[in-house]
Amino acid sequence: MKTLKDVKVGETAAVVRLHGEGPVRRRIMDMGITKGVEIFVRKVAPLGDPMELHVRGYELSLRKADAERIEVS
């Protein structure tokens with residue numbers, strides 16, 4: 001299973017499924033990350049956390065712990 005955490009800088013991935021439950025899953029969906037959405041990884045902080053993403057026309061910073069819950073293709 002490939003997650004958003006595994007996507008390299010400059011690559012685009014499509015969301016296949018969100019893992020997790022309750023408030024965490026809801027928060028990720030509220031940020032616009034839902035099944036089928038394309039996510040472009042703009043950059044990753046020097047120490048690896050957080051990641052800066054381009055989703056639905058806006059920039060989003062996401063922790064790697066949350067990125068592991070997002071399955072991509």
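The figures here come from the full heavy-atom set of this structure, side chains too, leaving out hydrogens, waters and symmetry mates. Residue numbers count from 1 along this sequence.
You'll find the side chain of V24 reaches within 4.5 Å of the side chain of R69, heavy atoms only. Looking at I28 and I70, their side chains come closer than 4.5 Å, going by heavy atoms from C-beta outward.
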Dump the intermediate steps for side-chain contact (heavy atoms from CB on, under 4.5 Å) on V72 and V7, then the final yes or no. CA-CA 9 Å; V72 297; V7 180; 3.8 Å; yes
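For R27, the salt bridge (Lys or Arg N to Asp or Glu O under 4.0 Å) test picks out D66, with sequence neighbours left out.
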Throw together a table of side-chain donor-acceptor distances under 3.5 angstrom for residues 29-41, partners on residues two or more places apart or in other chains.
from, atom 1, to, atom 2, distance (Å)
D30, OD1, R26, NE, 3.3
D30, OD1, R26, NH2, 3.3
T34, OG1, R56, NH2, 2.7

Enumerate, atom names and distances included, each donor-acceptor pair closer than 3.5 Å involving a side-chain atom of residues 11-22, sequence neighbours excluded.
from, atom 1, to, atom 2, distance (Å)
E11, OE1, K8, N, 3.2
H19, NE2, E71, OE1, 2.8

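Residues M51 and K64 share a closest heavy-atom pair of CG-CE, 3.9 Å.
Annotation: the span from K43 atom NZ to S61 atom OG amounts to 8.5 Å, rounded to 0.5 Å. Rounded to the nearest 0.5 Å, atoms CZ (R42) and CD (E59) are 4.0 Å apart.
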